[in-house]
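Below, chain A is the first sequence line, B the second, and so on; all start at residue 1.
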Amino acid sequence: MPELPEVETTRRGIEPHIIEQQLERVTVRNGSLRWPVPKDLQSLLQGQEILEVGRRGKYLLLRFKAGTLLMHLGMSGSLRVVKATEAVGKHDHVDLTFVNGATLRLNDPRRFGAVLWAGNDPQDHELLSHLGPEPLSDEFDGEYMFQRSRKRSQAIKQFLMDSRVVVGVGNIYANEALFKAGIRPTKAAGKVTRKAYLRLADEVKLVLEKAIAQGGTTLKDFVGGDGKPGYFKQELLVYGRGGEPCAQCDAVLKEIRLGQRSTVYCPQCQK
DNA sequence: CAGCGCCCCTGCCCGC
DNA sequence: TGCGGGCAGGGGCGCT
């Protein structure tokens, strides 16, 4: 579920409910996530106020005076703000309950997500310190990709999904952006031209911005807790469409596996 | 170092 | 209806 746009949508959705709120207690029902949830969160955070709700790539950063709580939603995680009295459901693994009664509740069926303590300089945390630029920042552009990709034999799609190169481009958007840019996902990153990278970087920004804008329209529902937006599904041009005709040329879209991930492209439009 | 598979885990869908 | 296999929007890790 969570690609960068959804994590950003989550961030925007929870922020107004928890910013400047004082934490009353931490409830960990199942601390067995990607890494064990630290056991001392309660003592670290009790009485502390949330100063900022930030994001780095797909990580959410809840900043307190004492340090930063780092959260990742993995493949299946979601966060909702509920009343402290709301019935606990299956896979509701962690709650942060605030003095005002609001509760930030993490649900994660597959438990690939994470809740970790990162101290006062979260960007120095091991999981964040090697991350590439944000795709929507000026630091990320075609020239940057071109320079970083020289002599790389790896397929462009895997290069694009490497968080050390750029964060937040998941499988769906990698497929979509490569289609829009007319680049075949299997092409070696080092053989993609500067011109093609300029186009690709633009398309990455466009598709992410568009998805965030649409995620925004579902914010209310999201916080109200009624589940998942299916917002951009109908906008996808290749992802999940293997075997269907290309929207641009009518050729049959090909579906292959690249690095264990489903990859769809148009053999005509993407060279 | 670059690049590639593996794996963590549950749920769901499909074919038999 | 039950069961096995494959797949899922992430990404760290260990190996070559």
>> Any residue in residues 252-263 of chain A with a heavy atom nearer than 4.0 angstrom to DNA chain C? Just list them by number, or reply none.
In response: A:R257, A:R261, A:S262
> So what does A:L127 touch, heavy atoms closer than 4.0 Å: a base, only the sugar-phosphate, or nothing?
Replying inline: sugar-phosphate
>> Does a side-chain N or O of A:Y239 approach OP1 or OP2 of C:dG9 to a distance below 4.0 Å, or not?
In response: yes
>> Base, sugar-phosphate or nothing for A:F159? Non-hydrogen atoms, less than 4.0 Å.
In response: nothing
> To the nearest Å, how far apart are A:E235 CD and C:dG9 C1'?
Replying inline: 17 Å
> Taking DNA chain C as the partner, which of residues 164-172 of chain A come within under 4.0 angstrom of it by heavy atom?
Replying inline: A:G170, A:N171, A:I172
>> Once you apply a heavy-atom cut-off of 4.0 Å, does A:R111 come out as touching a base, just sugar-phosphate, or nothing?
In response: sugar-phosphate
> A:L70 has an atom CG; how far is it from atom C1' of C:dG11, in whole Å?
Replying inline: 14 Å
> What is the 5' to 3' range of DNA chain B, first to last nucleotide, that sits under 4.0 Å from any heavy atom of chain A?
Replying inline: B:dA2 to B:dG11
> So if you build clusters from Ile, Leu, Val, Met, Phe, Trp, Tyr with side-chain heavy-atom gaps below 4.5 Å, do A:V204 and A:V238 land together?
Replying inline: no
Would you mind writing out the side-chain donor-acceptor pairs for residues 97-107 of chain A within the sub-3.5 Å range, not counting sequence neighbours?
unit_1: A:T97; atom_1: OG1; unit_2: A:T103; atom_2: OG1; d: 3.2
unit_1: A:N100; atom_1: OD1; unit_2: A:A102; atom_2: N; d: 2.9
unit_1: A:N100; atom_1: ND2; unit_2: A:Q21; atom_2: OE1; d: 2.9
unit_1: A:R105; atom_1: NE; unit_2: A:D95; atom_2: OD1; d: 2.9
unit_1: A:R105; atom_1: NE; unit_2: A:D95; atom_2: OD2; d: 3.3
unit_1: A:R105; atom_1: NH1; unit_2: A:E86; atom_2: O; d: 3.1
unit_1: A:R105; atom_1: NH1; unit_2: A:A87; atom_2: O; d: 3.3
unit_1: A:R105; atom_1: NH2; unit_2: A:D95; atom_2: OD2; d: 2.9
unit_1: A:N107; atom_1: ND2; unit_2: A:K90; atom_2: O; d: 2.8
unit_1: A:N107; atom_1: ND2; unit_2: A:H91; atom_2: O; d: 3.4
unit_1: A:N107; atom_1: ND2; unit_2: A:D92; atom_2: OD1; d: 2.9

>> In this structure, how many angstroms lie between the C1' atom of C:dG11 and the CD atom of A:Q158, rounded?
In response: 13 Å
>> Please report the distance, rounded to the nearest Å, between NE2 in A:H72 and C1' in C:dG10.
In response: 6 Å
> Which dot-bracket notation, 5' to 3', represents the base pairing of DNA chain C when pairs are defined as Watson-Crick or G-U with both distances under 3.5 Å, crossing pairs as [ ], and inter-strand pairs as |?
Replying inline: .|||||||.|||||||
With a 3.5 Å cut-off and sequence neighbours excluded, list the donor-acceptor pairs that the side chains of residues 109-128 of chain A form with protein atoms.
unit_1: A:R111; atom_1: NH1; unit_2: A:S32; atom_2: O; d: 3.0
unit_1: A:R111; atom_1: NH1; unit_2: A:S32; atom_2: OG; d: 3.3
unit_1: A:H125; atom_1: ND1; unit_2: A:L127; atom_2: N; d: 3.0

> Which value, rounded to the nearest 0.5 Å, describes the distance between A:D108 atom CG and A:H93 atom NE2?
Replying inline: 5.5 Å
